[in-house]
Amino acid sequence: MHQGYPTETLARFLKARDWNVAKAHKMLVDCLEWRIQNKIDDMLAKPIIPSNLYRAVRDSQLLGLSGYSKEGLPIITIGAGLSTFDKASVHYYVQSHIQINEYRDRVILPAATKKYGQHISTCLKVLDMTGLKLSALNHLKLLTTMSTIDDLNYPEKTETYYIVNAPYIFSACWKVVKPLLQERTRKKIQVLQGCGRDELLKIMDYSSLPHFCRKEGSGSSKNTEDGSNCFSPDHAFHQQLYSYIKQQAELLDSISPIKQGSVHVGFPDPDPEDAKIARTIESEFHRLRNLNGLSNSVNGLKVDGN
């Protein structure tokens, strides 16, 4: 877990529990037990096969790596608005999510540390809200599960969250969720105007700018003409990740042959505060849906034959 930096790793757990030693100790022990029970150390040797199923997961769970900040932090991109999570079972999406976490921690961050000559243990995340709709409520439970896994087992791995291309529906939800967040978390989240290009170029070069931040009003974060789509299964990051997982699987093949089927990971119970936030988002989505329905009803009315 610590990749040669045990003190810094312990500090992450302490920070996640506001420097309460007893709580941080329990969190770390629980995390280690979760890793053992679910064989997380072997997760990068369990490819999602066949490859067309992996491509289907990638096309519906939009994640990627667009490059690095000027300080050397990996830039993880998330297509929050256009992810559909409708091409595979929940377990495949959770497996994919954990594999990206593990690849980040075991391969990407150590390589960045070596390249930039300083310890790098966190990343930046850019969340594209293009296409966010009320139907996103359908995957709220899955998103809460993945968020809980991150909070409990990969604490303090994200330096800053940048929200871009935010439609009205996000702004409405953000207004009610923001007061519920811990101050430490709230400070990490920055909602940028439009595609956020000018602000993001202050901390990264253009070559690392996510494709959905390069052009105002691009309309879709899934399609680009220059091959820079970091969500695509054909992007260098995903090709390298999948090749790495297949290589690790081949190393273990003599011990245990590769099997098809998803890896079933135990889902931790959400933190009460996270559960409260999820309920608030659900309530706000229902409110917006009702308002939208009322608006559509009014639009269909005729008064005095007009």
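What's counted below: heavy atoms across the whole structure, side chains too, no hydrogens, waters or symmetry copies.
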Show the nearest heavy-atom pair for residues Val94 and Met146, with the distance to one decimal.
CG2-CG, 4.4 Å

Determine yes or no for a side-chain-to-main-chain donor-acceptor pair under 3.5 angstrom, with Ser83 supplying the side chain and Gly79 the backbone.
yes

Ion pair check, Glu183 and Lys187, cut-off under 4.0 Å:
yes

Supply the atom-to-atom distance Ile163 CD1 to Leu127 CG, rounded to the nearest 0.5 angstrom.
4.5 Å

In terms of hydrophobic clusters joined by side-chain contacts under 4.5 Å, are Leu152 and Tyr161 together?
no

Quick one, Arg104 and Cys123 - any side-chain contact, counting heavy atoms below 4.5 Å?
yes

Stepwise side-chain contact (heavy atoms from CB on, under 4.5 Å) test for Lys133 and Ile169
CA-CA 7 Å; Lys133 298 177 181 176; Ile169 185 175; 5.7 Å; no

Is there side-chain contact between Leu109 and Gln3, with at least one heavy-atom pair below 4.5 Å?
no

Let's go through Glu102 and Tyr154 carefully: what are the C-alpha distance in whole Å and the side-chain angles of both, what is the deciding distance for side-chain contact (heavy atoms from CB on, under 4.5 Å) to 0.1 Å, and is it a yes or a no?
CA-CA 9 Å; Glu102 291 292 309; Tyr154 303 93; 2.6 Å; yes

Show the nearest heavy-atom pair for residues Gln61 and Ser96, with the distance to one decimal.
OE1-OG, 3.1 Å

With no hydrogens and no angle check, is any side-chain donor or acceptor of Glu199 less than 3.5 Å from a backbone partner on Gln193?
no

Backbone of Leu143 reached by a side-chain donor or acceptor of Ser147 within 3.5 Å
no

For the atom pair CG (Leu73) and NZ (Lys125), what is the distance rounded to the nearest 0.5 Å?
12.5 Å

Please check: side-chain N/O of Asn138 versus main-chain N/O of Ser135, any donor-acceptor pairing under 3.5 Å?
yes

Is the shortest heavy-atom distance from the side chain of Leu63 to the side chain of Arg58 under 4.5 Å?
yes

Is any side-chain heavy atom of Ser228 less than 4.5 Å from a side-chain heavy atom of Leu209?
no

Just say parallel, tilted or perpendicular for the rings of Phe170 and Trp174, cut-offs at 30° and 60°.
parallel

Write down the atom of Pro110, the atom of Asp105, and the distance for their closest heavy-atom approach.
CD-O, 3.2 Å

Under 3.5 Å, is there a donor-acceptor pair between the side chain of Arg197 and the main chain of Arg214?
yes

Which value, rounded to the nearest 0.5 Å, describes the distance between Leu140 atom CG and Thr145 atom OG1?
9.5 Å

Apart from Met27 itself, members of its ILVMFWY cluster (side-chain separation under 4.5 Å) are Met1, Leu10, Phe13, Leu28, Leu32

Leu181 side chain reached by Ile189 side chain, heavy atoms, under 4.5 Å
yes

Evaluate side-chain contact (heavy atoms from CB on, under 4.5 Å) for Tyr103 paired with Ile245, printing each intermediate quantity in order.
CA-CA 9 Å; Tyr103 188 72; Ile245 294 174; 5.9 Å; no

Drop me the distance from Tyr5's OH to Arg12's CZ, to the nearest 0.5 angstrom.
13.5 Å

Would you list the pairs meeting side chain to side chain donor-acceptor pair (under 3.5 Å) in which at least one residue belongs to residues 64-77, sequence neighbours left out?
none

Following the transitive rule for hydrophobic clusters with a side-chain heavy-atom cut-off under 4.5 Å over Ile, Leu, Val, Met, Phe, Trp and Tyr, establish whether Tyr168 and Leu192 coincide in one cluster.
yes

Salt bridge present between Asp30 and Lys26 (N-O < 4.0 angstrom)
yes

Judged by modelled atom types alone, do Asp128 and Thr130 share a side-chain donor-acceptor pair under 3.5 Å?
yes

Minimum side-chain heavy-atom gap Leu124-Ile203 below 4.5 Å
yes

Is it true that Lys23 and Asp18 have a side-chain N and a carboxylate O under 4.0 angstrom from each other?
no

Quick one: which residue pairs count as a side chain to side chain donor-acceptor pair (under 3.5 Å) with a foot in residues 108-123, not counting sequence neighbours?
Thr122-Glu159

Is there a side-chain contact between Cys230 and His211 in this structure, where contact means two heavy atoms from C-beta onward sitting under 4.5 Å apart?
yes

Ser243 side chain to Gln239 backbone, donor-acceptor under 3.5 Å
yes

Full working for salt bridge (charged side-chain N to carboxylate O under 4.0 Å, His left out) between Glu282 and Lys141:
CA-CA 10 Å; Glu282 186 174 3; Lys141 186 175 181 181; over 6 Å; no

Quick one: list whatever passes ring-ring contact (aromatic ring centres under 6.0 Å, His included) with His264, sequence neighbours left out.
His91

Output for pair (Ile40 CD1, Cys31 SG), nearest 0.5 Å, gives 9.0 Å

Distance-minimising heavy-atom pair for Lys246 and Pro47:
CG-CB, 4.3 Å

Indicate yes or no for a side-chain donor-acceptor contact from Tyr242 to the backbone of Ile48 under 3.5 Å, with no hydrogens or angles considered.
yes

Point-to-point distance, once rounded to the nearest 0.5 Å, from CG of Asn153 to CG of Asn101
9.5 Å

Report the C-alpha distance between His139 and Tyr93 in whole Å, list the side-chain angles of each, state the deciding distance to 0.1 Å, and finish with yes or no for side-chain contact (heavy atoms from CB on, under 4.5 Å).
CA-CA 11 Å; His139 2 110; Tyr93 289 115; over 6 Å; no

Kindly state each residue pair satisfying ring-ring contact (aromatic ring centres under 6.0 Å, His included) with at least one member in residues 20-53, sequence neighbours excluded.
none

At their closest point, which heavy atom of Leu44 faces which heavy atom of Gln248, and how far apart are they?
O-CB, 3.1 Å

Nearest heavy-atom contact between Arg184 and Glu156 is NE-OE2, 3.0 Å

Test of understanding: with salt bridge (charged side-chain N to carboxylate O under 4.0 Å, His left out), list the residues that count as partners of Asp234, not counting sequence neighbours.
Arg55

Any side-chain to backbone donor/acceptor pair from Asn38 onto Val265? Under 3.5 Å, distance only.
no

Atom NZ of Lys87 with >12 non-hydrogen neighbours under 6.0 angstrom:
no

Short question: side chain of Lys188, backbone of Thr158 - any donor-acceptor pair under 3.5 Å?
yes

Side chains of Leu65 and Ile76: does their closest heavy-atom pair fall under 4.5 Å?
yes

